[in-house]
Peer 1: 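Before anything else, here's the structure in question.
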Protein chains: 2
Amino acid sequence: MTKSKTSCLAFSHHDHKRCQNKLLSAARDLCESRNLRLTERRKQVLQILLQSHQPIGAYDILAQLNQGQARIAPPIVYRALEFLLEEGLAHRIECKNAFIGCVHPGHQGATQFLICKDCDKVAELENPVSALQEDARNVGFVIDHSVVELTGTCADCQQNVG
Amino acid sequence: MTKSKTSCLAFSHHDHKRCQNKLLSAARDLCESRNLRLTERRKQVLQILLQSHQPIGAYDILAQLNQGQARIAPPIVYRALEFLLEEGLAHRIECKNAFIGCVHPGHQGATQFLICKDCDKVAELENPVSALQEDARNVGFVIDHSVVELTGTCADCQQNVG
DNA sequence: AAAAGTTACGTTATAATATAACACTATGAC
DNA sequence: GTCATAGTGTTATATTATAACGTAACTTTT
Ligand SMILES: [Zn+2]
Ligand SMILES: [Zn+2]
Ligand SMILES: [Zn+2]
Ligand SMILES: [Zn+2]
């Protein structure tokens with residue numbers, strides 16, 4: 001019960017400013033502990049990802065970075081994203097070609113996403129996909145990476161419409 | 001056991017020519033029963049998708065269609081794909097931006113894919129993602145569409161390497 | 001069968017997403 | 001300081017996808 005709530009951060013009302021700060025600081029700690037550099041660029045991109053629990057496209061990130069007089073190019077964004085994805089500080093939402101900040105940085109194992117098609121918020125779960133894993137094992141398939149993206153309507157949005 | 005084997009067509013040695021013919025003919029039946037037109041174009045694209053159990057990109061499909069003197073353009077392919085996806089005769093593999101023929105046309109419900117990163121073959125399963133569905137229900141999320149793509153190494157490819 | 005309505009196809013142009021290749025700069029190790 | 005490496009910046013281009021508009025083909029109605 002408590003677990004579910006925690007996992008579904010995106011769909012529960014919370015102090016998001018605190019949420020952002022906590023995640024940013026967790027990212028700093030994680031990088032320090034792994035002897036990696038959370039450079040200014042990487043931090044900028046992570047902060048943009050953490051602005052909301054909605055995924056954002058690489059070119060939208062780029063646009064935000066270029067809001068001032070800066071004129072940087074796509075590779076800069078993609079490289080920062082590459083770093084964040086590798087370290088598990090962000091995730092790629094395949095069905096949207098977009099990216100989102102990880103809400104439990106440092107976690108091990110696979111992640112699943114609940115994507116609301118109405119408010120566009122994305123919640124991150126951490127269940128084992130047990131039945132599938134068993135099926136895979138039965139046919140001798142060794143899972144390396146999983147993409148589990150469930151699109152639908154979150155509780156809030158159901159109320160607002162129906 | 002038998003179920004698993006059937007589901008994992010892509011990873012089991014089989015008479016693929018027969019497999020193709022069966023699936024094409026199933027597609028014809030399905031369209032007829034739904035009063036839909038499996039036009040020449042749509043059939044062409046489906047046949048290309050059914051050439052193998054590996055996903056293929058829209059532009060590769062286009063290239064095949066343009067092998068003769070034909071010079072058709074992307075929208076034609078995307079429209080045929082749209083039709084096939086809507087009718088469940090093909091699937092989109094999100095993590096590859098590619099498409100694959102459905103191996104059990106007419107099936108109801110969600111599908112999961114096992115994607116071998118070595119031979120690139122894709123098997124289609126039909127399990128309910130029960131644990132996840134329960135989690136979703138617990139937070140009041142109503143699932144509409146699911147993307148489940150497990151990338152790894154198939155049994156054959158494990159032998160060939162390790 | 002002509003007219004009208006609808007679905008599918010074709011073409012052009014362009015949008016949106018992503019990467020290759022190469023040069024420059026900062027950082028850490030010695 | 002020199003060197004090696006990792007990170008950034010820039011240009012150009014590849015890859016994937018769709019908007020917009022016109023034509024052709026099938027269906028339904030009359
Ligand atoms: Zn938050
Ligand atoms: Zn919602
Ligand atoms: Zn086959
Ligand atoms: Zn394989």
Side-chain angles (χ1 to χ4, degrees), chain A residues 27-28 30-49 54-87 89-100 120 147 149, chain B residues 27-28 31-32 34-49 54-87 89-100 120 147 149:
Chain A
R28 263 193 285 257
L30 184 144
C31 285
E32 184 154 359
S33 80
R34 291 183 188 169
N35 232 335
L36 296 169
R37 295 172 54 207
L38 186 60
T39 62
E40 192 54 31
R41 276 283 177 240
R42 290 165 177 176
K43 197 184 76 184
Q44 281 174 0
V45 171
L46 180 56
Q47 280 177 317
I48 290 172
L49 290 174
Q54 281 127 344
I56 179 171
Y59 279 74
D60 291 332
I61 294 172
L62 183 61
Q64 286 202 37
L65 290 172
N66 280 338
Q67 265 174 4
Q69 62 277 42
R71 286 291 148 242
I72 61 167
I76 294 190
V77 172
Y78 281 102
R79 279 181 202 137
L81 286 171
E82 184 183 28
F83 172 84
L84 296 172
L85 293 176
E86 265 168 14
E87 300 307 326
L89 296 172
H91 298 290
R92 181 182 164 87
I93 304 298
E94 295 290 349
C95 67
K96 287 183 163 274
N97 292 338
F99 305 88
I100 194 161
D120 204 40
V147 172
E149 300 173 353
Chain B
R28 262 193 285 256
C31 285
E32 185 153 359
R34 291 184 188 170
N35 232 334
L36 296 170
R37 296 171 54 205
L38 187 59
T39 61
E40 192 56 30
R41 277 283 178 243
R42 290 165 177 177
K43 198 184 77 185
Q44 283 173 0
V45 171
L46 180 56
Q47 280 177 317
I48 291 173
L49 290 174
Q54 280 127 345
I56 179 172
Y59 278 72
D60 291 333
I61 294 172
L62 183 62
Q64 285 202 38
L65 290 172
N66 279 337
Q67 265 172 4
Q69 62 276 43
R71 288 288 148 244
I72 63 167
I76 294 188
V77 172
Y78 281 102
R79 279 181 203 139
L81 286 171
E82 185 184 26
F83 172 83
L84 297 172
L85 293 176
E86 264 168 13
E87 300 307 325
L89 296 172
H91 298 290
R92 181 181 164 88
I93 304 298
E94 296 289 348
C95 68
K96 286 182 163 277
N97 292 337
F99 305 87
I100 193 160
D120 204 39
V147 172
E149 301 174 352

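Reminder, nothing fancy here: chain letters follow the sequence lines and each chain counts from 1. What you see below is based on every heavy atom in this structure, not just the backbone, and it leaves out hydrogens, waters and symmetry mates. Keep in mind that what you see is a predicted model, and the values were worked out from it rather than measured.
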Peer 1: Specify the separation, in whole Å, of atom CG of A:Leu85 and atom C1' of C:dA18.
Peer 2: 13 Å

Peer 1: Could you work out which one of D:dT8, D:dT18, C:dA8 sits closest to the side chain of A:Arg41?
Peer 2: D:dT8

Peer 1: How long is the straight-line distance from CD of B:Gln54 back to CG of B:Asp60, given to the nearest 0.5 Å?
Peer 2: 12.0 Å

Peer 1: Roughly how many Å is it from CD1 in B:Ile76 to P in D:dT18, rounded to a whole number?
Peer 2: 16 Å

Peer 1: Can any side-chain N or O of B:Arg41 pair as donor or acceptor with the backbone N or O of B:Arg79 at less than 3.5 Å?
Peer 2: no

Peer 1: For B:Arg92 and B:Leu85, indicate whether the former's side chain and the latter's backbone hold a donor-acceptor pair under 3.5 Å.
Peer 2: no

Peer 1: Under 4.0 Å: is that the gap between some side-chain N or O of B:Tyr78 and OP1 or OP2 of D:dA17?
Peer 2: yes

Peer 1: Specify the separation, in whole Å, of atom CD of A:Glu94 and atom P of C:dA16.
Peer 2: 20 Å

Peer 1: Nearest-nucleotide wise, let me know which of A:Asn97 and B:Leu36 is further upstream toward the 5' end of DNA chain C.
Peer 2: B:Leu36

Peer 1: Would you indicate which nucleotide in C:dT19, D:dT8, C:dC9 comes nearest to any side-chain atom of B:Thr39?
Peer 2: C:dC9

Peer 1: Which part of the nucleic acid, if any, lies within reach of B:Arg79 when heavy atoms closer than 4.0 Å are counted: base, sugar-phosphate only, or nothing?
Peer 2: base

Peer 1: Are any side-chain N or O atoms of A:Glu87 and backbone N or O atoms of A:Cys31, one a donor and one an acceptor, separated by less than 3.5 Å?
Peer 2: no

Peer 1: Rounded to the Å, how far apart are B:Leu38 CG and C:dT7 P?
Peer 2: 18 Å

Peer 1: C:dC9, C:dA18, D:dA17: which one has an atom nearest the side-chain heavy atoms of B:Arg42?
Peer 2: C:dC9

Peer 1: Take atom NZ of A:Lys43 and atom P of D:dG7, then tell me their distance rounded to the nearest Å.
Peer 2: 17 Å

Peer 1: Taking atom C1' of D:dT28 as reference, at what distance in whole Å does atom CG of B:Asn35 sit?
Peer 2: 14 Å

Peer 1: Round to the nearest Å and state the distance from A:Leu62 atom CG to C:dA15 atom P.
Peer 2: 16 Å

Peer 1: Considering all heavy atoms of both residues, which atom of B:Lys43 and which atom of B:Arg28 are nearest to each other, and what is their separation?
Peer 2: CD-NH1, 4.0 Å

Peer 1: Among D:dT10, D:dA17, C:dT19, find the nucleotide with the atom closest to the side chain of A:Ala73.
Peer 2: D:dT10

Peer 1: I want to confirm an ordering. Mapping A:Asp60 and B:Glu40 to their closest nucleotides on DNA chain C, which one lands closer to the 5' end?
Peer 2: B:Glu40

Peer 1: Calculate the interatomic distance between A:Ile93 atom CD1 and C:dT17 atom P; express it in whole Å.
Peer 2: 15 Å

Peer 1: For the side chain of A:Arg37, counting heavy atoms from C-beta on, which of C:dA18, D:dA17, D:dG7 is nearest?
Peer 2: D:dG7

Peer 1: According to a cutoff of under 5.5 Å between the ring centres and under 30° between the ring planes, does B:Tyr59 stack with the base of D:dT15?
Peer 2: no

